[in-house]
Protein chains: 2
Amino acid sequence: MDDVAALRRFNRAYTQRIGVLDDSYLGTGRPLGPSRFLFEIGTQTWGVLGLRRRLGLDSGYVSRMLRQLESEGLAVVEADPNDGRQRTVRLTPAGRREWRRLDQRAERLAQRLVAPLSDRQRDELDTALATAERLIRAATTQFDAVDPRSADARWAMDQYFAELDRRFSDGFDPTGVYDTDAAALRAPTGAFVVLRSDHETLGCGGVQRVDDATSEIKRMWIRADWRGAGLGRRLLEHLERVAREHGRSRVVLDTNGSLTEAISMYGRMGYQTIERYNDNPYAQHWFAKDL
Amino acid sequence: MDDVAALRRFNRAYTQRIGVLDDSYLGTGRPLGPSRFLFEIGTQTWGVLGLRRRLGLDSGYVSRMLRQLESEGLAVVEADPNDGRQRTVRLTPAGRREWRRLDQRAERLAQRLVAPLSDRQRDELDTALATAERLIRAATTQFDAVDPRSADARWAMDQYFAELDRRFSDGFDPTGVYDTDAAALRAPTGAFVVLRSDHETLGCGGVQRVDDATSEIKRMWIRADWRGAGLGRRLLEHLERVAREHGRSRVVLDTNGSLTEAISMYGRMGYQTIERYNDNPYAQHWFAKDL
DNA sequence: GCACATCGCTGACTAAGGTCAGAGATCGTG
DNA sequence: CACGATCTCTGACCTTAGTCAGCGATGTGC
C-alpha cells in the first residue's frame, strides 16, 4: 500500500517545520494552552460548552483557563441568557489586542517561512496547499444525524431553498415544507443529516418513508463552493445506507430539470428514470434505485 | 499580505486532523517522548550525540529515555569504538518489532484518513502534498558553512565529481582536487557550504580567492532530484553574498559545455561571458559578474 | 603528562497539561 | 413541584516533558 506514502512523508516534513507556526503561541508570557484557547475564542461570543466540545477539552481544565484569562482582563465570562447553566465567553478589547498579536506572530512566521521562495514557487505552494486542504477537509467531513428542526438543519435547508429559488425558472416557494419535513425526516422512519467540517455546515440531505419497501431521498444539497469534492456522491451513498438500515429495498427521488449536476450524478450512481410518482409541482424527473 | 493566507488556512485545517498521525505514538503503554525517540532510532545504529542534536533534546532527558528503552529490552546502548565518551544506540529485535508496530499504526491512520476519497482524489492529494513538501523543504533548506574536509563536504563533492564524470565527454578525473579545495575553500579567503534538509545533503558550493577584488565560485552542485526547486539560484546568491563579505567586488566561474542548465542559470543571474582566465582542462565557458 | 574540553549520567527540581469526583445551580419533563 | 439530567466550578491529584548543576570518564592539544 503506497497509497499514503506521500501523506506520511509530507506529515513528517511538515510537522517539523510548520509546527513552528504553533510556536507563535510561545513567548507570550503565557503557557501554550491558554494562548491557544484565547486564539480560538477570537472575535466572537461563544458558548463555553460548544467551544469545549470543539476543542475536546476537559471541563475543569477549561474553567481554570477561563479564570486565568479573566484575571488578566482578557476575557469576560457571562451566563448564557437562554440557559442559566451554560456560560458564554468573549474577549475584552485587551483580549482582542492579544489575539491580534498572536495572529501577527503567526503571519510573520509564515511569511518568513516562504520568503526564500520565488513568486512563482509561492503561487505553486498556495495552490498545492489549497488543493490539499480541500481534499483533507472533504475526507474528514462528518455526516451527523440531526433533528430537522435544529438550527443547523434549518440553516442548511434555507440555503438549499434559496438556491432552488434562484435556479428554478418560476422560483421556489418554501411555504409549509418546514413542517412537513420536520415530521417526515425524523426517526424512526426518516432521517436528516448535515455535513460538517470544522464549525461549518457544508451540506445536508434526508430520507423519508414512502412505504415499507421504499424510502425517498429529499433535500440533498452541497454548498456551491464545496461541489466537485465528492461530497455529493458520499452523501447519496450515506442516505442509501440509512434507507437500508430502515429496512427499505428501494429508494426514489425527484428533481427539477435545472439541477443538471444532480441529474448526471444520479445517472452515475445507478439511478433509473421512472414515471412520475408524486404531485410535486417542481419535479420534472423521477428516479429510482434498487438497494 | 495575502501571500501566506493559504499556508495558514492549511495549517489550521491540517494540524487538527493529521496531528492524529502523531497520536499513533499513543496507546502504546509508553509516553509520547520515548515512543517518538524509539521511532526515530529506527533500523540504524546512531551516535547518541548526533541523535540528540538532530532532535534538539536535553542530554539528561535522552539518557533517561535510553535507560527506559534498555530496561524494556527495546534498545542497546554501547560505547562508541572510536570515542569512549560517546555512546551509540540501536534497537533490539524486540525494539524493531515495536518500531514496526508504530509504523503500521501510522499507516493505518493515514489510510483511514484518505479512505473516503475516490481514487482520483487520492491521486490529486498525493500530487498536491508532494508538491507542497518539496517546496516547503526547499524553503527551509539550510546553507551551512562547513570545512571542505568534513564528511558531508566530501560526500557532496564525490557526488558532484561522479556526475561530472558521467556528463563530460572525456570523463572527469578528481585526482588532487580534494587537497587543492581543502586549502582554497576555507576561511578566511574562501568558504564551502553544504545545503541540508533534514539529515540529507541536497547540494554544495564554494568560493575561493583569485585576487583581492575577485572570488571564484567552485563546485556548485545540486542533487539531481532536487533541481528545479530554486536551490541553484539561492546557492549562487548565497555564494555571491559570501564573496561580498570577503570584500570582493567581482566573481568569476568556469564551466563545461555539457552543463547546460547551469549555463542558462548563469545567464539569468546576470553573468557575462569572458575570456578564458585559467587552464582548467575541463572548462569551456568562463563567466564573470560585478557584485 | 598536564590542562582543558566534551560526553553521558544522575539527582533534584519545575511547569504544563490534564483527569477525576463531587458540589451547587439550573433546566426540562411529567 | 419533584426528579433526573446537564453545566460549571473547585480541590486534589497525576503524568509528562523538560531543565539544570555537577560528577566521573574519556579524549585532544601542547
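Chain letters run A, B, ... following the sequence lines, proteins first, then strands; residues in each count from 1. For the numbers below, each heavy atom of this structure counts, side chains included, while hydrogens, waters and symmetry mates do not.
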Check the interface with nucleotides 18-24 of chain D: list each N/O to N/O pair with the protein under 3.5 Å, or write none.
residue : atom : partner  : partner atom : Å
dG18(D) : OP2  : Tyr61(B) : OH           : 3.0

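- Partner of Leu69(A) under the side chain to side chain contact (heavy atoms under 4.5 Å, CB included) criterion, chosen from Val89(A), Leu74(A), Val76(A), Leu91(A): Leu74(A).
- In terms of modelled atom types and a separation under 3.5 Å, the side chain of Arg196(A) and the main chain of Gln142(A) share no donor-acceptor contact.
- Met157(B) and Pro148(B) make their closest contact through CE-O, 3.8 Å (heavy atoms, listed as atom of the first residue, atom of the second, distance).
- Separating the CG atom of Leu66(A) from the P atom of dT8(D) is a distance of 9 Å, rounded to the nearest angstrom.
- Scanning residues 73-91 of chain A for heavy-atom distances under 4.0 Å to DNA chain C yields Asp83(A), Gly84(A), Arg85(A).
- In this structure, Ser63(A) contributes its side chain and Ser59(A) its backbone to no donor-acceptor pair below 3.5 Å.
- Distance, Phe37(A) CZ to dA16(C) P: 17 Å, rounded to whole Å.
- Contacts of residues 43-54 of chain B with DNA chain D (heavy atom under 4.0 Å): none.
- The nearest pair of heavy atoms linking Phe192(A) to Cys204(A) is CZ-CB, 3.6 Å.
- For Phe37(B) and Tyr61(B), the ring centers sit 6.0 Å or farther from each other.
- Proximity of a side-chain donor or acceptor of Trp46(A) to a complementary backbone N or O of Ile41(A) within less than 3.5 Å is detected.
- Atom CZ of Arg101(A) and atom CG of Asp103(A) lie 12.5 Å apart (nearest 0.5 Å).
- Between dA17(D), dC9(D), dC9(C), one nucleotide has an atom nearer to the side chain of Ser63(A) than all others, and that is dC9(D).
- Screening Leu235(A), Leu231(A), Ile136(A) for a side chain to side chain contact (heavy atoms under 4.5 Å, CB included) with Thr141(A), the sole residue that qualifies is Leu231(A).
- For the pair Met65(A) CE and dA16(C) C1', the computed distance is 11 Å after rounding to whole Å.
- A distance-only check finds a donor-acceptor pair linking the side chain of Thr92(B) to the backbone of Gly95(B) [under 3.5 Å].
- With respect to Asp181(A) and Arg219(A), a salt bridge is recorded, a charged nitrogen being found less than 4.0 Å from a carboxylate O.
- What separates CG of Leu32(B) from C1' of dA16(C) is a distance of 15 Å, to the nearest Å.
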